[in-house]
**Student:** 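Shown below is the structure under consideration.
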Amino acid sequence: MSSLLAFDRKHLWHPYTSMTKPLPVHEVVAARGVRLQLADGRELIDGMSSWWAAIHGYNHPQLNQSAIDQLGKMSHVMFGGLTHEPAVTLGRRLVELSPAGLEQVFFCDSGSVSVEVAIKMALQYWQARGEEGKNRLLTINGGYHGDTFGAMAVCDPTSGMHHLFRDVLPQHLFAPLVACGFADPWDPKALTGFAELIENNHQQLAAVILEPIVQGAGGMRFYHPDFLAGVRLLCDQFQVLLIVDEIATGFGRTGKLFACEHAGISPDIICLGKALTGGYLSLAATLSTTHIAKTISSNPPGLFMHGPTFMANPLACAIAGASIQLLLNSPWQEQIQTMATIMAEELAPLRDLPEVKDVRVLGGIGVVEMLREVDVAWLQQEFIAQGVWLRPFGRLVYIMPPYIISNNDLRQLTRAMVTVLSAIQPQK
Ligand SMILES: *Cc1c(COP(=O)(O)O)cnc(C)c1O
């Protein structure tokens, strides 16, 4: 083992791994397009977009240039009392592109923080209206909203990390999993459990929070757009705010710029992150309606109680602006459609394997759900031997490659999945 890897193993935490029995890590020395270059010279085709973020691939000349240009001006300046062009340009873009009515932009550092901000906005909104009793949240099982405490409290209560911290987390309400898939015929009964919860508890509910259409890290499930449309109607009927977490789905991944568009709805608050900077830097945003912002601002204490040190970091904002421009100038709808077609074709045979529970594709997301938890270390080693980078978790082996991936590279990814998963021995 190289001294670099040895130090890493001894001293560095990685996401969700152990310090005493860490999963193997591989040293990346460079990345370009859809390829990661390892220290030992091997090249891997990236199937993960570094967790939904690197939608244009790595080392993109235009994004690099936007970073260089901004570095020459300033990489950071405080946002208290100062403003700058990168923040304003990006803010204008987000207001234009995001679902109708979301017009007030709060920039923050990461997805989890944007969820904290959204929750805080909802709570402060009801406080401003003198309805302090409306201070709980309603969500659905199987969700993932981040790792900070407010976000953890609305993650899936059993498979998420909720249970471990149960005693220190606020107790929220959880509706059943949505029992109607994206492409299934709509079954109105799928909304019943949710409808009962909101009807019986709306007096204490500040907001509903959910991931639109795609539940990501909580299980890679795709649910029916009519569920989301139904949630919007119920929130209006019972005076509960709707927070939509588009951190994973935003910026085209599901085939629409925002997944809300599948249901033709606008939330009261939206969270954006991950692909916002094309995977270059950590940046997120929480947008709300003018009504919410005005209500918070025109009642005591007369301001919104949040303000991170690195709020609206100019370097991140400049790159995010360039990334959105790049996306809009690209044929991204066609790219996503082509990816969906190829993934559906190539992954379909996996349905017949005894150890496979389900294969599903939506937009630029391809998921193979196994019957049992997979051995991540073993799978990763097999995928690397096939020249691809995947990061399975739990029972899920999935890809969401950069939008720029060529058909051949995508086929190499899907074929690696077929080869490796076919080698798993069925268990009795
Ligand atoms: C990744 C993710 C988050 C958390 O974002 P971080 O940047 O990791 O803090 C929140 N919600 C959803 C839906 C996500 O996919």
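We count ligands from 1, going down the list as the structure has it; atoms in each ligand are counted the same way. Keep in mind it's a predicted model, so treat the numbers as computed, not measured. Hydrogens, waters and symmetry mates play no part in the numbers below; they use all other heavy atoms, side chains included.
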**Student:** Under 30°, 30 to 60°, or over 60°: which ring-plane class applies to His262 and Phe182, parallel, tilted or perpendicular?
**Tutor:**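 Geometry flag for Phe182 against His262: perpendicular rings.
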**Student:** Can you name the side chain to side chain contact (heavy atoms under 4.5 Å, CB included) partners of Ser297, sequence neighbours left out?
**Tutor:**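 With neighbours one apart ignored, the set is empty.
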**Student:** Could you list the donor-acceptor pairs under 3.5 angstrom formed by side chains in residues 331-343, with sequence neighbours left out?
**Tutor:**
from: Thr338; atom 1: OG1; to: Glu334; atom 2: O; distance (Å): 2.8
from: Thr341; atom 1: OG1; to: Gln337; atom 2: O; distance (Å): 2.9

**Student:** As a test of reading the model: which residues have a non-hydrogen atom less than 4.0 Å away from ligand 1?
**Tutor:**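 Within 4.0 Å of ligand 1, the protein residues are Ser110, Gly111, Ser112, Tyr144, His145, Gly146, Glu211, Asp245, Ile247, Ala248, Lys274.
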**Student:** Which residues satisfy the side chain to side chain donor-acceptor pair (under 3.5 Å) test with Lys120, sequence neighbours excluded?
**Tutor:**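 Counting only residues at least two positions away or on another chain, Lys120 forms a side chain to side chain donor-acceptor pair (under 3.5 Å) with His306.
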**Student:** So Phe227 and Trp186, would you call those rings parallel, tilted or perpendicular, with 30° and 60° as cut-offs?
**Tutor:**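 Ring orientation of Phe227 relative to Trp186: perpendicular.
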**Student:** Any donor and acceptor pair, going by atom type alone, linking the side chain of Lys134 with main-chain N or O of Gln239 inside 3.5 Å?
**Tutor:**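 Flag set: sc Lys134 to bb Gln239 pair under 3.5 Å.
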